[in-house]
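Count residues from 1 along the sequence. All values reported here derive from a predicted model rather than from experimental measurement.
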Amino acid sequence: MKFKSDFLWGAATAAYQVEGAAHADGRGDSVWDVFCEKKGAVLDGSSGENACMQYEHVEEDVALMAQMGLKAYRFSLSWSRILPEGTGEVNQKGIDYYNHLIDCLKAHNIEPFVTLYHWDLPQALQEKGGWLNPDSVQWFGEYTKIVAEAFSDRVKYFITFNEPQCFIGLGYYGTVHAPGLNCSPREAFLAAHHVLMAHGLAVKTLRKYGKQELLIGYAPTGRFTYPKTNSKEDIQAAKDMMFHEIAITEWEWSMTWWSDPVFFGKYPEDALEQYKGIVPDFPEEDMELICQPLDFVGQNIYDGRMVEMGKDGKPVFSPEPLGFAHTHMKSPVTPEILYWMPQFLYERYGKPVVVTENGISNGDLVSLDGKVHDGCRIAYLERYLQKLGEAAELVPVMGYFHWSFMDNFEWACGYQERFGLVYVDYPTQKRIMKDSGYWYADVIRTNGECIGNSDEYSDRCMIIC
């Protein structure tokens with residue numbers, strides 16, 4: 001198996017999860033700084049105040065990326081590090097930090113892949129209503145202009161939002177994530193609409209102020225499905241379930257509610273009918289703003305549910321087999337999803353696909369030899385990437401970003417979950433490349449040819465790890 005020669009092999013992180021230095025050099029509070037102070041909000045009572053201290057370990061971390069052979073690093077910007085109050089005066093030290101990170105990446109021929117927003121709204125803006133306030137669209141536009149002017153001379157890849165399903169579904173409609181508002185359905189729809197408008201304005205702003213030709217996308221997630229068999233009936237059932245049934249039953253987690261407006265300029269009609277009387281009436285000019293041309297379809301893809309066509313001609317979920325494989329977070333292991341999702345996405349939206357996140361939480365330990373032998377992660381990645389390679393032979397797949405480059409603060413789960421290719425000992429901030437990091441380096445070096453040869457790799461691992 002071999003991917004295209006220009007395939008973007010990358011890894012990803014998010015600002016609040018890795019940077020630390022939460023109160024250093026003029027950074028303002030974000031909603032996550034405040035949310036973590038609530039008793040019981042985070043599993044282990046922790047926060048991202050220190051996280052992985054990448055703020056102080058930029059050069060070390062980028063050197064590890066280079067050792068791994070990463071072609072691209074996807075990271076998010078802390079809005080409140082650049083604009084402590086969300087709008088107004090720019091914090092030059094924040095700009096300097098990201099300039100240093102970008103310059104380090106470029107010096108090692110690693111492509112910076114910048115995400116504008118990964119859940120950490122400045123607290124000053126939340127106190128003005130956050131995404132419920134229609135002014136949030138312009139706030140995001142102002143922030144995006146500053147980013148474009150500061151970084152687009154060296155950064156050509158931008159992503160507007162990461163997983164709006166999560167910060168709206170869990171943070172506005174629910175209480176699991178910041179800011180934990182428990183909004184009414186109508187309020188949640190309104191906040192979601194403002195996010196989509198902010199996305200559209202950000203795309204326009206990046207195009208206008210970008211200092212080179214930019215490639216822009218968006219990184220939602222969703223409830224994903226794949227067919228039980230390769231029959232036409234089961235394939236159609238999987239698509240019907242994902243693109244229609246889920247939009248009706250769980251709009252906040254659906255793909256179509258969050259992606260159809262971006263690519264088609266309209267919300268899915270079946271969902272609009274289902275929520276008639278709850279969804280506000282949105283003017284046509286809002287939809288025109290939301291629907292800006294994008295260069296790729298980004299999607300965070302971890303797992304999916306198997307679907308088959310029922311005897312009544314309607315899609316139904318197939319039960320999980322007894323003892324099915326799962327991650328440390330109890331998510332099912334379903335490598336088939338990286339075969340089917342790129343095909344479904346390309347067929348529906350007609351743009352090259354980037355897997356903007358995929359990975360596994362594992363119960364990693366440092367062994368007595370001082371190394372981290374995370375064979376489960378290698379087994380997971382080998383199966384998922386094998387399926388992605390099969391999909392890439394059928395539809396254009398631009399790149400893959402492993403979540404995550406390093407262990408980090410996992411939001412409401414605190415530091416109880418480890419997703420990284422690099423182990424972080426949080427008390428000492430020591431980094432240890434895991435076996436999976438060395439394996440991924442081999443994948444990148446061979447452009448995927450080594451996938452499927454894990455036995456052969458394990459012999460080499462004894463030498464290089």
Side-chain angles (χ1 to χ4, degrees), residues 3 6-19 51-52 54-55 58 61-62 64-66 68-79 81 97-106 108-120 144 147 151-152 154-164 166-167 199 202-203 206 214-221 294-302 338 342 351-360 381 384-385 388 397-411 419-422 436-437 440-441 443-444:
F3 291 77
D6 60 351
F7 191 80
L8 284 168
W9 292 104
T13 63
Y16 191 71
Q17 294 181 270
V18 298
E19 284 180 3
C52 307
Q54 190 170 84
Y55 193 79
V58 168
D61 289 346
V62 174
L64 281 169
M65 295 175 204
M68 201 179 290
L70 292 187
K71 302 298 183 186
Y73 176 49
R74 181 185 164 220
F75 62 97
S76 74
L77 307 176
S78 168
W79 187 345
R81 195 178 293 284
Y97 165 70
Y98 291 115
N99 274 329
H100 182 47
L101 172 56
I102 291 165
D103 289 344
C104 284
L105 292 168
K106 299 295 282 188
H108 287 87
N109 296 313
I110 300 170
E111 199 70 59
F113 229 92
V114 168
T115 301
L116 296 175
Y117 186 85
H118 198 131
W119 308 359
D120 49 349
T144 302
V147 168
F151 310 127
S152 67
R154 288 150 296 148
V155 178
K156 69 177 180 179
Y157 292 98
F158 284 91
I159 289 171
T160 56
F161 284 90
N162 183 83
E163 295 185 339
C166 290
F167 69 85
H199 155 83
V203 176
L206 288 168
L214 304 180
L215 296 173
I216 305 171
Y218 164 57
T221 185
L294 293 179
D295 300 293
F296 58 89
V297 179
Q299 201 77 40
N300 294 358
I301 307 169
Y302 290 88
L338 280 197
K351 295 288 183 180
V353 176
V354 178
V355 178
T356 39
E357 284 185 24
N358 169 256
I360 177 175
L381 290 176
Y384 272 76
L385 289 176
L388 183 64
V397 181
M398 284 175 52
Y400 169 90
F401 287 84
H402 179 269
W403 184 270
S404 58
F405 168 66
M406 64 203 308
D407 295 337
N408 54 52
F409 175 72
E410 185 51 35
W411 308 113
F419 278 90
L421 297 166
V422 173
S436 59
Y440 193 48
V443 170
I444 297 168

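- A distance of 7.0 Å separates CG of N358 from CG of L385, quoted to the nearest 0.5 Å.
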Stepwise side chain to side chain contact (heavy atoms under 4.5 Å, CB included) check, E357 with F419: CA-CA 11 Å; E357 284 185 24; F419 278 90; over 6 Å; no
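- For W403 and F401, the ring centers are positioned 6.0 Å apart or more.
- Of all heavy-atom pairs between A72 and L8, the closest is CB-CD2, 4.2 Å.
- Of all heavy-atom pairs spanning S76 and A15, the tightest one is OG-N, 2.7 Å.
- Here NE2 of H118 is found 9.0 Å from OG1 of T13. Values are rounded to the nearest 0.5 Å.
- Across L105 and P112, no two heavy atoms sit closer than the pair CD1-CB, 4.0 Å.
- Atom CD1 of I360 is separated from atom NE2 of H402 by 8.5 Å, given to the nearest 0.5 angstrom.
- A side chain to side chain donor-acceptor pair (under 3.5 Å) with N162 is found for one member of T356, T221, T115, N300 and no other, namely N300.
- Between L70 and Y440 the shortest side-chain heavy-atom distance falls below 4.5 Å.
- Taking the six-membered ring where the residue is Trp, the centroids of Y117 and F167 are separated by under 6.0 Å.
- Closest heavy-atom contact between D120 and W79: O-CB, 4.4 Å.
- Between Y98 and V114, every side-chain heavy-atom pair lies at or beyond the 4.5 Å cut-off.
- Relative orientation of the F409 and Y16 rings is perpendicular, given thresholds of 30° and 60° on the angle between their planes.
- Rounding to the nearest 0.5 angstrom, the gap separating the CE atom in M406 from the CG atom in D61 is 4.0 Å.
- Ring pair F405/Y73 is perpendicular by interplanar angle, where above 60° counts as perpendicular and below 30° as parallel.
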Test log, rule side chain to side chain contact (heavy atoms under 4.5 Å, CB included), inputs T144 and F158: CA-CA 10 Å; T144 302; F158 284 91; over 6 Å; no
